Amino acid sequence: MARKQNNKPMDKLVSLCKRRGFIFQSSEIYGGITSCWDYGPLGVELKRNIKNIWWHDIVTSRANIVGMDSSILMHPKVWEASGHVECFHDPLIDCKNCKYRFREDKAVHSFKCSSCPFNFKINNGKIEVNNEFEKHFGGDLFAGEPETYKNSDCPNCGEVGTVKLERLNCPKCGSPELSPPRQFNLMFKTHFGASEESAAEVYLRPETAQGIFVNFDNIVTTARAKLPFGIGQIGKAFRNEIVTGNFIFRSREFEQMELEFFVKSEESAKWYKYWVNERFDWYKRLGVRSDYLRLRQHEKEELAHYAKSCTDIEYRFPFGWSELEGIADRQTFDLDQHIKASGKKLSYFDSMSNNHIVPGVIESSAGVDRTMLTILTDAYWEDDEHDRVVLRLIPKVAPIKVVVLPLVNRDGMPEIARAIFDDLRKHMAAFYDQGGSIGRRYRRQDEAGTPFGITVDSQTLEDGTVTLRDRDSLEQIRIPKDNAVKVLQEKLAL
RNA sequence: GCGGGUGUAGCUUAGUGGUAAAGCUCUGGCCUUCCAAGCCAGUGACGAGGGUUCAAUUCCCUUCACCCGCUCCA
């Protein structure tokens with residue numbers, strides 16, 4: 001319900017999405033709920049088209065890739081093995097002065113003995129100590145976890161358990177004004193069983209990928225897969241993001257399209273490169289302007305510990321370059337983790353070398369909602385010359401492929417148009433509209449991104465031809481009405 | 001999570017301590033022979049909760065949502 005913000009970059013698109021039934025705010029009649037969005041009649045068609053194109057291009061059109069659909073709730077040990085529990089269960093502290101957020105153990109810890117003047121600080125993993133007490137630590141000023149010094153024995157006066165934590169300070173600005181440590185686990189928790197107390201805690205999956213890894217053995221066996229081969233999956237994932245926003249770009253519930261492509265480790269660099277190129281081209285084929293797309297290779301320091309290489313595909317949104325998809329060479333990390341945690345043998349038998357090997361994996365992890373936002377943003381066009389707003393969607397992704405219109409509502413034109421519409425909608429998403437002037441009806445479809453319009457006019461009554469209007473050029477050609485299905489099918493196949 | 005901004009109809013705006021106006025859109029009808037024409041009629045809003053008050057959309061508090069910036073982002 002935000003208003004008066006027409007100077008904001010996304011506002012016009014948000015407005016159009018609501019006006020035309022692409023995207024609504026979730027639970028709007030109750031005031032909405034943060035970062036949750038619902039897809040309306042046009043939105044769901046567009047989203048479904050995106051997923052279908054991905055599924056076709058990545059899964060069904062390829063001989064060595066299969067699909068799957070794993071459950072959202074999985075065994076809690078999956079997330080321990082994957083590192084999701086450990087990585088995110090650290091409590092974080094906010095500095096009230098400089099707003100820096102940090103892990104509790106990164107704070108500057110000041111310790112003091114309660115029975116003598118002995119004191120020291122631990123800052124960034126190092127002990128800082130007054131000269132007079134330096135001898136107690138020898139020459140080695142390495143510090144362990146600050147936790148281990150709490151209630152330790154005093155090296156100065158020798159009293160037992162008298163070293164106490166005196167205070168914490170911000171590691172950045174030194175301020176002692178800090179929030180209490182708080183949990184920021186990004187996984188959504190829920191419970192199996194009717195009563196919370198007695199039930200096991202489970203998580204909503206924060207990514208779909210683990211569903212693939214834990215089924216690795218099942219799929220290798222049943223699909224008789226031979227390296228290199230891939231497993232693709234589309235599904236919802238949930239992350240308790242601290243910061244959401246930019247419309248549907250970052251939300252807590254979102255949909256992923258993930259491919260795990262298993263390869264012999266020595267071939268991983270080759271396949272990594274292959275998938276980076278393949279995926280980059282995919283967005284171009286969806287009609288996204290190529291100068292608004294770029295690849296960004298992660299620097300060494302930026303890489304997660306398990307990834308050998310990682311490249312993001314980014315789009316230039318009105319709010320800046322942002323990630324659409326990550327392609328990573330994860331090596332054998334994921335399978336290794338599950339082998340360790342489950343004790344099961346997740347390997348592949350290579351009949352060439354007669355060896356059991358754990359394959360490396362190239363991951364392509366794309367966001368459905370982000371792809372949709374990209375397509376909508378990229379297609380949005382204000383055609384000032386003709387005073388209209390157009391979504392220049394390629395026919396393949398457009399929610400409605402063709403609109404059928406009688407030029408005027410008499411002389412039998414509505415009946416003929418209706419018959420053409422009935423014919424067309426057996427083959428493609430079509431729409432019929434007889435309300436208002438012809439110009440108004442064209443404009444409505446321009447905003448919906450409908451690429452083609454068929455209009456029945458007086459000449460149709462004479463020679464059976466109709467006009468076929470092109471959304472972007474506004475050009476019209478005449479075709480026999482009985483050829484409408486055929487002509488459109490050809491155009492849609494482009 | 002922090003700071004700032006915003007919240008009246010689908011959109012853009014008006015207005016008031018006595019429950020709200022307009023244009024566009026939308027719906028129906030008339031008219032209309034190709035790009036938001038015209039005429040008639042109609043639907044439709046003060047984000048939510050609480051407080052002050054005889055009376056709150058208006059004043060106060062809280063909350064919710066959106067936007068911008070920071071922070072975060074396996």
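Computed from heavy atoms alone, side chains included, the values below leave out hydrogens, waters and symmetry copies. Every chain is numbered from 1, with letters handed out A, B, ... down the list of sequences. Keep in mind that what you see is a predicted model, and the values were worked out from it rather than measured.
A ring pair (Phe, Tyr, Trp, His ring centres under 6.0 Å) check over residues 368-397 of chain A, counting only residues at least two apart or in different chains, returns nothing. Judged as a side-chain hydrogen bond (donor to acceptor under 3.5 Å, both in side chains), the pairs with a partner in residues 34-47 of chain A (not counting sequence neighbours) are, in order, Tyr39(A)-Asp369(A), Lys47(A)-Glu255(A). Applying the side-chain hydrogen bond (donor to acceptor under 3.5 Å, both in side chains) test to pairs two or more places apart or on separate chains, those with a residue in residues 430-443 of chain A are Tyr432(A)-Gln434(A), Asp433(A)-Arg444(A), Tyr442(A)-Thr455(A), Tyr442(A)-Gln476(A). The list of side-chain hydrogen bond (donor to acceptor under 3.5 Å, both in side chains) pairs with a residue in residues 397-412 of chain A, not counting sequence neighbours, is empty. Screening residues 312-327 of chain A for salt bridge (Lys or Arg N to Asp or Glu O under 4.0 Å), with sequence neighbours left out, gives Arg279(A)-Glu325(A), Arg294(A)-Glu314(A), Arg296(A)-Asp312(A), Arg296(A)-Glu314(A).
For Glu299(A), the salt bridge (Lys or Arg N to Asp or Glu O under 4.0 Å) test picks out no residue, with sequence neighbours left out. Remark: Arg330(A) engages Asp334(A), Glu363(A) in a salt bridge (Lys or Arg N to Asp or Glu O under 4.0 Å) (not counting sequence neighbours). Listed by chain and residue number, nothing satisfies the salt bridge (Lys or Arg N to Asp or Glu O under 4.0 Å) test with Asp217(A) (two or more places apart in sequence, or in another chain). Listed by chain and number, the residues in a salt bridge (Lys or Arg N to Asp or Glu O under 4.0 Å) with Arg19(A) are Glu447(A) (sequence neighbours excluded).
Remark: P of A65(B) and CD of Glu28(A) are 13 Å apart, rounded to the nearest angstrom. The distance from atom CD1 of Ile29(A) to atom P of G10(B) is 13 Å, rounded to the nearest whole Å. Residue Glu207(A) contributes atom CD, which lies 12 Å from atom P of A74(B) at whole-angstrom precision. For Gln434(A) and U27(B), the CD to P distance is 11 Å, given to the nearest whole Å. Distance Leu16(A) CG to U12(B) C1': 15 Å, rounded to the nearest Å. Phe249(A) has its CZ atom 17 Å from the C1' atom of C68(B), to the nearest Å. Put simply, CZ on Phe24(A) is 16 Å from P on C66(B), counting in whole angstrom units.
Nearest-nucleotide positions on RNA chain B place Leu407(A) closer to the 5' end than the other of Arg239(A) and Leu407(A).
Of all heavy-atom pairs spanning His338(A) and Ala81(A), the tightest one is ND1-CB, 3.7 Å.
At the heavy-atom level, Thr467(A) lies under 4.0 Å from base atoms of the strands shown.
Base pairing of C39(B) is made with G29(B), judged by Watson-Crick or G-U wobble geometry with both donor-acceptor distances under 3.5 Å. Across every strand in view, U58(B) sits unpaired, with no contact that passes the Watson-Crick or G-U test at under 3.5 angstrom. U52(B) is unpaired under the Watson-Crick or G-U wobble criterion, no partner having all donor-acceptor distances under 3.5 Å. For G23(B), the paired nucleotide is C11(B), the pair qualifying as Watson-Crick or G-U wobble because both relevant distances are below 3.5 Å. Using N1 to N3 plus N6-O4 or O6-N4 for Watson-Crick, or N1-O2 and O6-N3 for G-U wobble, each under 3.5 Å, U6(B) pairs with A65(B).
A distance-only check finds a donor-acceptor pair linking the side chain of Arg205(A) to the backbone of Lys236(A) [under 3.5 Å].
One C1' atom belongs to C2(B), the other to G10(B), and the distance between them is 34 Å to the nearest Å. Distance noted for atom C1' between A21(B) and C64(B): 28 Å (whole Å).
For RNA chain B, the neighbouring residues in residues 30-38 of chain A, judged by any heavy atom under 4.0 Å, are Gly31(A), Gly32(A), Ile33(A), Thr34(A), Ser35(A). For residues 449-463 of chain A, proximity to RNA chain B is found at Thr455(A), Asp457(A), Ser458(A), defined as any non-hydrogen atom under 4.0 angstrom from a strand atom.
Between Asn240(A) and C73(B) there is no side-chain N or O to OP1 or OP2 distance below 4.0 Å.
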(Q) So if I define the base as every atom that isn't primed, P, OP1 or OP2, how would nucleotides 35-46 of chain B read as a B/S/- string at a heavy-atom cutoff under 4.0 Å? (A) BBS---------

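Of the candidates A74(B), C67(B), C73(B), A74(B) carries the atom nearest the Pro206(A) side chain, counting heavy atoms from C-beta on.
The residues Asp446(A) and Arg392(A) are annotated as not salt-bridged, no charged nitrogen and carboxylate oxygen being separated by less than 4.0 angstrom.
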